[in-house]
Amino acid sequence: MQKKYDHASIEKKWQKKWDDAGLYVADIEKAESPFYNLWMFPYPSAEGLHAGHAFASTGSDIYGRYMRMTGRDVFQPIGYDSFGIHSENYAIKINENPQSVVKRTTKHYEEQMRSLGHGYDWTRTVTTSDPDYYRWTQWLFVKMFEAGLAYKKKATVNFCPSCKTVLADEQVIDGKCERCGTIVEKKDLDQWFFKITDYADRLLTGLGKIDWSQRVISAQRNWIGKSEGRTIEFQVEGTGRKIKVFTTRPETLNSATFLAVASSEGKDVKEKWGKFTGKYAINPINGDKLPIWETNYVDSSYGTGAIMGVPAYDERDREFAGKYYIDIVEKPFTKEILGEKTIHYHLRDWLVSRQRYWGAPIPMIDCPKDGWVTVPEKDLPILLPTISDYKPEGAGRGPLANHKDFFEVKCPKCGCMAKRETDVMDTFVDSSWYFLAYPNVGTKEWKSVPSAGSGQAFFDEKIMKAWLPVNLYFGGAEHSVLHLMYSRFVTMVLHDLKYLDFDEPFPKFFAHGLMIKDGAKMSKSRGNVVNPDEYVEKFGADALRIYLAFMGPMDSSPDFRDSGMEGASRFLGKVWRLFNEEPEHPTSPRLRGVGNTAVSSKLHQTIKKVTKDIEGYKFNTAISSLMELVNVMNEYKVSSTKYLETLALLLAPFAPHLSEEVWVEILGRPFSIHKANWPKYDDSLIRSDTVEIVVQVNGKMRGTLSLESGIGNRESEVTQLAKDDEKVAKWLEGKKIIKIIFVPGKIINFVIS
RNA sequence: GCCGAGGUGGCGAAAUGGUAUACGCAAGGGCCUUAAGAGCCCUCGAGUGCAUAACUCAUGCGGGUCCGAGUCCCGCCCUCGGCACCA
């Protein structure tokens, strides 16, 4: 008799039991062996979770479940990055207030994530658009300002004409808005910045002590863009003026033949363009007269906005000199290095103002007497008012600027009439600290209102010590220079302000790949977005999880295919039958403790392999070895209770529902498998009684010997047996053996002339 | 141009310097079934070959080290990601 696995009812049943039992609720206060397992929280889009989310979150969940079974107290929280342009644009499109849209979309996300069977602690979630949350986002801004790390300044900034707001440098990709792809414009506007450049060097050196992939490290390093050199001064002939240039090659100063300064003219010219100013500068090392040119290939915002032209050693200078018939002189490097040591960075300060509605209001007040004054901490949060005219206007100010009742306030210092800032914060400020919030949600510190100058924050000190920094951060590499850099910066600042005793938030970050469909990135406009719901419904969450994890390594970009999905479902069907089939022979009954050395050896090999693979995030090979084990168990038609228990345990992180079902209902073990101990392997059982020795002649395989493992380790016996082997003898006949290479238990190689 | 990651069957992919192509998908053939579904069994890198015999050739290209190279070294080509008239 064989009942079919009814994934729908079984999965629902266990999800409810897990929830009722609070299986995944971490004991934040008393945990002895905390493991903070974090997946980047999603922004709740209207379309809901797509297969890419399912892929990434499943990877994170597999690891968390494994850690829980090794005895760690796993805290695996989830939340919503619900403030920001993404959510707001959709609300505008359907003409509904963002508040109510977010309520709906977050609910939908929760349902979807629950249906995937992830082990989240639903008692500690955060939603960045909740006043309880953004009070502390505003508190962070206040701390930044107090520390001199937030300032307002008129600057030439990137402006997206479609989103009608300014953007940070990091949010402009190839000259386009990171959000909507519109080409950004340059505008001179008065904006709030965070002084991330003060931390450029620490952001760079910190990369040395964290365990991240090269790809992400190198992206951050490139973005920070440290460049060391000298600033050299040139006298302008006949005037008292000087021109400073920045160079990384001060030893080539001898060969400089011109000076080039940035010019706003020629900006639209694609090739190198220049105009002689009629003036000359004096080379400080040899007194040469150098013509000063205005050019379009020098960037006014980098270095000093001027360079020395050394066409002999610099390709760009050579191209320019060639075009305008400037001398090209090659002299030996000078040993006399002039100028002051200087370091320049590509990194710019983080522009955090947004001329939008759906964000945390910036807690600053502009007083005619006192200048910019912070909102007192006790007055936080500054609530975002519910308004109907929330569409962005694009005149360099946000919708809140139309609401007198919002911005007309008294100065907290002197009491005179003042004006509140009407821009809101970049959504990346919200997400720059959310991982600090989770474990503190619900504590009295989290809910409290800090009093002025108390130095109080939302953290419970003991909790922070126990749970942070994050043990494992799972997320997409697309955030390499956005969220990950901002979070590191904010953590460093809070560390320096003595709020945190660590300065790297994510010592271990695993960057998963981007899931694609039909060879292309999933996107609504392409119409190739895969919704996991239909697969959960048709095959079950376990099958979907197995498929997602089996497609390829977690850091590759797998292509979603339905046929692979069916393979995963087939595998689980096989597992299910293994636990349910009636014995084929009375002498080898299932569930009755009959063992077999071949199966036993395979079982222990599999424990070893799956353990190692999970720890290395190689879920695809972990699953393939489980498939092999199941095939072997099927082949030998023996599977004792002990074997089946171990199989269920090994499968638990990947297929949590099915393994719970067989664990409790068939094997009769106590609820829950997810709190059971991860199996241990025995090396002595892995070794089998026989070994296969490969026989090579001049490195080419000519035969194999199946030997008792004892014999397979002894060179003289193996040599004799190999020579006696008919197939091998044929190759050795009449040849002189020069050398024999023997690897015990593995290989013997005859080197012949 | 600089930095990083890669290139293996029809496809996703696997291989501590030691039997390349595990595991899975697709495909073909068979069994079971009234039928469908689900299952089960067999074949499946290319070539010569009656062959489940044997051999040759295959891990982007060209060299090298080694008894032995997908793996290590040198030189190229290509793909992907990051930075970029950054001085």
Side-chain angles (χ1 to χ4, degrees), chain A residues 2 4 173-174 213-227 229-232 245-250 252 260 262 270-273 295-299 301-310 313-317 319-320 344-346 477-478 480-481 511 513-514 546-547 550-553 555-571 573-574 577 581 612 618 620-631 634 692-704 727 730 737-743 745-752:
Chain A
Q2 190 178 317
K4 190 146 165 44
I173 314 286
D174 291 333
S213 67
Q214 271 317 303
R215 181 175 131 81
V216 181
I217 296 236
S218 116
Q220 291 219 353
R221 192 177 292 132
N222 284 339
W223 185 258
I224 296 166
K226 183 176 183 172
S227 171
R230 301 266 171 168
T231 302
I232 300 174
V245 306
F246 174 66
T247 178
T248 54
R249 303 283 310 276
T252 64
K270 278 201 180 118
E271 321 82 70
K272 286 190 173 52
W273 168 94
T295 71
N296 64 347
Y297 81 96
V298 172
D299 186 346
S301 65
Y302 186 81
T304 61
I307 60 155
M308 60 181 201
V310 190
Y313 293 109
D314 187 285
E315 221 174 282
R316 293 155 302 182
D317 294 345
E319 191 191 328
F320 184 76
H344 281 290
Y345 297 94
H346 168 260
E478 70 273 19
S480 299
V481 292
L514 185 74
I546 292 272
Y547 172 57
F550 182 63
M551 292 173 87
D555 52 2
S556 71
S557 298
D559 200 335
F560 195 97
R561 296 215 326 254
D562 287 15
S563 60
M565 189 63 239
E566 280 164 30
S569 174
R570 222 172 283 165
F571 167 64
K574 230 186 238 188
R577 282 190 298 280
E581 256 175 21
K612 204 176 115 219
K618 293 162 101 179
N620 57 331
T621 49
I623 290 171
S624 72
S625 66
L626 284 167
M627 287 171 168
E628 285 182 44
L629 173 64
V630 169
N631 289 344
N634 263 327
E692 275 221 335
I693 306 281
V694 171
V695 184
Q696 296 183 337
V697 177
N698 277 353
K700 282 193 195 295
M701 214 247 307
R702 296 303 179 193
T704 56
K727 287 181 194 166
K730 193 171 78 186
I737 297 171
I738 300 168
K739 199 171 161 187
I740 296 173
I741 312 281
F742 178 66
V743 182
K746 279 216 166 133
I747 206 160
I748 184 159
N749 186 13
F750 294 100
V751 185
I752 60 171

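Note that these values count all heavy atoms, side chains included, but never hydrogens, waters or copies made by symmetry. Just so we're on the same page: letters track the sequence lines, and every chain starts at 1.
Across C66(B) and C61(B), the matching P atoms stand 23 Å from one another, rounded to whole Å. If you take atom P in G45(B) and the same atom in C23(B), they sit 13 Å apart, rounded to whole Å. Between the C1' atoms of A22(B) and C77(B), the separation comes to 30 Å (whole Å). When the P atom is compared between G28(B) and G17(B), the two are found 40 Å apart, to the nearest whole Å.
Contact between the side-chain N/O atoms of K727(A) and the OP1/OP2 oxygens of A54(B) is found at a separation under 4.0 Å. In this model, the phosphate group of A84(B) is approached by a side-chain N or O of H346(A) to a distance below 4.0 Å at OP1 or OP2.
Atom CE of M627(A) and atom P of C25(B) are 7 Å apart (whole Å). Atom P of nucleotide G68(B) and atom CD1 of I741(A) are separated by 9 Å, given to the nearest angstrom. The distance from atom CG of N634(A) to atom P of G24(B) is 11 Å, rounded to the nearest whole Å.
No side-chain heavy atom of R570(A) sits less than 4.5 Å from a side-chain heavy atom of K574(A). Taking the side chain as every heavy atom from C-beta outward, V310(A) and T247(A) never approach each other to under 4.5 Å.
No N or O donor and acceptor, one from the side chain of N222(A) and one from the base of C83(B), sit under 3.5 Å apart. Side-chain to base pairing of K272(A) with C85(B): one donor and one acceptor N or O lie within less than 3.5 Å of each other.
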Measure all distances between protein nitrogen or oxygen atoms and nitrogen or oxygen atoms of nucleotides 13-17 of chain B, and list the pairs falling under 3.5 Å.
residue : atom : partner : partner atom : Å
A14(B)  : OP1  : N620(A) : ND2          : 3.1
A15(B)  : OP1  : K618(A) : NZ           : 3.4
U16(B)  : O4   : K746(A) : NZ           : 2.5

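Shown here, G9(B) is classed syn by the O4'-C1'-N9-C4 or O4'-C1'-N1-C2 angle, which is within 90° of 0.
Residue contacts for E271(A): at a heavy-atom cut-off of 4.0 Å it reaches a base atom on one of the strands shown.
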